[in-house]
Amino acid sequence: MAQIHVTVADKSYPLACAEGDEDRLYKLAAYIDGKAKDLTDKLGHVNETRLILMAAVLIADELHESMESNGHQGLLDTLSEKDMAAVLNEVAGEVEGIAEQLANA
């Protein structure tokens, strides 16, 4: 398992990934960072937790639109209401964990 550090919204985060996946993870983190910077440019200062959540929602929307435009069911259409609630709870827990880490940093 490889360990890397990525930067999103001027904060560095340690991440673990499979050996050989480092470049891909750096690129994905850079994409998320770009979304965060776009939001900051448009909205001004935003709480880090909210900023990362907003970036994640924008990226999920892009994925949903891409899936629909390619003739597939959209992201939201593939999940039941129960599954969607579970995903949202998991994401909320992750965001809260990040917020706690930032508060303790």
Side-chain angles (χ1 to χ4, degrees):
M1 187 69 55
Q3 289 284 333
I4 64 170
H5 285 268
V6 298
T7 302
V8 175
D10 298 323
K11 299 282 185 186
S12 180
Y13 299 94
L15 294 176
C17 63
E19 295 289 338
D21 285 345
E22 297 91 346
D23 286 341
R24 180 172 174 77
L25 201 51
Y26 282 126
K27 288 177 186 176
L28 292 170
Y31 187 77
I32 295 167
D33 186 49
K35 289 292 180 190
K37 285 180 181 175
D38 289 346
L39 286 167
T40 300
D41 290 346
K42 290 178 185 172
L43 304 174
H45 177 75
V46 178
N47 169 295
E48 286 93 358
T49 304
R50 181 168 284 170
L51 180 64
I52 292 172
L53 176 61
M54 291 168 66
V57 168
L58 288 174
I59 293 167
D61 184 53
E62 289 175 356
L63 176 60
H64 178 75
E65 291 292 323
S66 175
M67 291 173 72
E68 283 187 329
S69 69
N70 287 319
H72 297 93
Q73 282 186 316
L75 177 65
L76 301 177
D77 298 331
T78 62
L79 298 174
S80 70
E81 191 172 311
K82 182 179 177 182
D83 290 338
M84 181 61 75
V87 168
L88 289 174
N89 282 329
E90 187 175 332
V91 168
E94 291 291 328
V95 170
E96 288 170 359
I98 291 169
E100 186 175 317
Q101 289 177 350
L102 290 172
N104 294 329

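Note: hydrogens, waters and symmetry copies are ignored here, and every other heavy atom, side chains too, is used. Quantities reported herein were computed from a predicted structural model and do not represent experimental measurements.
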Let me check something: any side-chain donor-acceptor pairs from residues 1-17 under 3.5 Å, sequence neighbours excluded? List them with distances.
none

Considering only Ile, Leu, Val, Met, Phe, Trp and Tyr, and joining two whenever side-chain heavy atoms are under 4.5 Å apart, list the other residues clustered with Met54. Leu39, Leu43, Val46, Leu51, Leu58
Summary of salt bridge (Lys or Arg N to Asp or Glu O under 4.0 Å) pairs that have at least one residue in residues 16-26, sequence neighbours excluded: none
Quick one: which residue pairs count as a salt bridge (Lys or Arg N to Asp or Glu O under 4.0 Å) with a foot in residues 33-47, not counting sequence neighbours? Asp33-Lys37, Lys35-Glu62
